[in-house]
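Just so you know, ligand 1 is whichever comes first in the structure, and atom 1 is the first atom listed for that ligand.
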Amino acid sequence: MKILVLNCGSSSIKYQLFDIDQGSVLAKGIVEKIGLKGSFLKNERFDGDKVKLEGEILDHQSGFEFLLGMMISEKRGVISSLSEIDAVGHRLVHGGETFQGSCYLDEVTIKGVEDCSDLAPLHNPANLKGIYAMKNLLPDIPQVGVFDTSFHQTMPDYSFMYALPYSLYKKYGIRRYGFHGTSHSYVSKRACEILAVDYKSKKIITCHLGNGASITAIKDGKSLDTSMGLTPVEGLIMGTRSGDVDAGALTLIMEKEEIDYSSLNTLLNKHSGVLGISGISSDMREVETAAAEGDERAILSLKMYQYRVRKYIGAYAAAMGGVDILIFTGGIGENSPDDREKICENMEFLGLEFDKKVNTGVRGKELIISKKESRVTVMIVPTNEEWVIASETRDIVEQMKAGK
Ligand code: AMP
C-alpha cells in the first residue's frame, strides 16, 4: 500500500510517500514559500537522488500539482501513475474535543476540522488547504486525518481544566488539549515494545524536545497530563516559545509596551524561549556552542531550559505516583547528550540512576541510558511521526474497506 503523508503549513507542504508494506519511504521533501517569491520544491528519492526545483507556486493546489507531477515524472519519479497512491494521511494540528482518534475525511469530519479552526487559527486553516486541494486533485483516493491533540483526549477534567470561569470552557472550549500526540504515543509504545513490558501497566514520562517541546505523563496506556495547553505555547521552554509565564506578566507587558493581542502572540511564539533569553538563536546547537564559549545568556538559557524539564518530570512523577520509564525524543532529546545528562542530574531520589558513560556521544538511536540497577529506565527513542500517520491511515482505510 502506498500512502502519501502530508503536513501542510501556511506556506509549506512537507511530504513523504511510504510503501507501508515494505516499511520504506519512496520519496520525501518539502514545497516551500508557497505564494511568496522564490518558491521551490526539494525532493529526495529512496536511492539518494536529490533535486531542488524552482517555480512559481501560487497556492497549495499548485504546490501539489508540482509535487505529484514530479512523483510520476520519468526522470525523478517513483510511481508510474497517481492511481498507485492508495491513500493520503494528513497531519492535523487541532481536533478539539471532537476527535478522540484519527478519522476518515468526509464532508462531516472535514466540517469538524473547520469547526476546530477557532482553537488553532494559525494551523488548522493551513491543514485544511491541503485537504481541499487533495480532494480536487485526487477525488477518488481516501484521505485520513491524524490529530496532534487526540492522544491527549484521555486527560481527566482535573488535569485539562484551567481555573478560569467555567463558562469560558463551555462557551469557547478554553481548556488544555496538548499536542505532539503522535510522537508521545509512538515513543511510549515503542519503548515498551523494546523493553518487552506491558504498556497498559506502566508509568511513563515522554520528553519530546525539539524546536517545539512538550512532556507527557502516560499512566496505564493513557495520557494523564501534558505540558502544552490550549495552544502549543504553554509548558516547557522552546526554541522561540516562552512556555509557562505568569498570565499577570502578560497583561502588564501589554499595558507597558502598548501592544495588542496579535503582537503579544508574536512575542510569545516567535521572540521568546531559548532565542529570547540567549539573544543568539533558537537552534540548540548554536546556543550550546555559545555557552561552551562562555556566553552568559546562552548558559542561562540552557540552565532554564533543563530546569523546566526537570521540574515537569518531578511534577509528573508525583501526579502518577512514580515513574517506570523516562523517554527522550525530538531533535534535542535524541541528539543532545549534554541536555539529557543535565536534565537527569540528582534524580536518584526518584530511583533514577543515569548512566553518563553510555549516554555520552549518543545521537539519534534507540538506547537505554540508565544503569542496570536503576528503578526508572531512561531511554532515547527517536520519534517517527510520519510513520505513525502512514500506519494510522492504512488502518483506517482497511477498516473502511472491511465495512467497520
Ligand atoms: P526538531 O524540531 O525535533 O527537528 O528539533 C530541532 C532542534 O534539535 C534544534 O534546536 C536543533 O538545534 C536541535 N538539535 C539537532 N541536533 C542537535 C545536536 N546534535 N545537539 C543539540 N541539539 C540538536
Minimum side-chain heavy-atom gap T182-V146 below 4.5 Å: yes
Residue shell around ligand 1, heavy atom under 4.0 angstrom: G210, N211, S282, D283, M284, R285, E288, G330, G331, I332, N335, S336, R363
For Y15, ring pair (Phe, Tyr, Trp, His ring centres under 6.0 Å) partners two or more places apart: none
Any residue meeting ring pair (Phe, Tyr, Trp, His ring centres under 6.0 Å) with F147, in chain and number order, not counting sequence neighbours: F99
Where at least one partner belongs to residues 319-365, residue pairs that pass ring-ring contact (aromatic ring centres under 6.0 Å, His included), sequence neighbours excluded: none
Salt bridge K111-D115, side-chain N to carboxylate O under 4.0 Å: yes
K200 side, atom NZ; K189 side, atom NZ - distance, nearest 0.5 Å: 8.5 Å
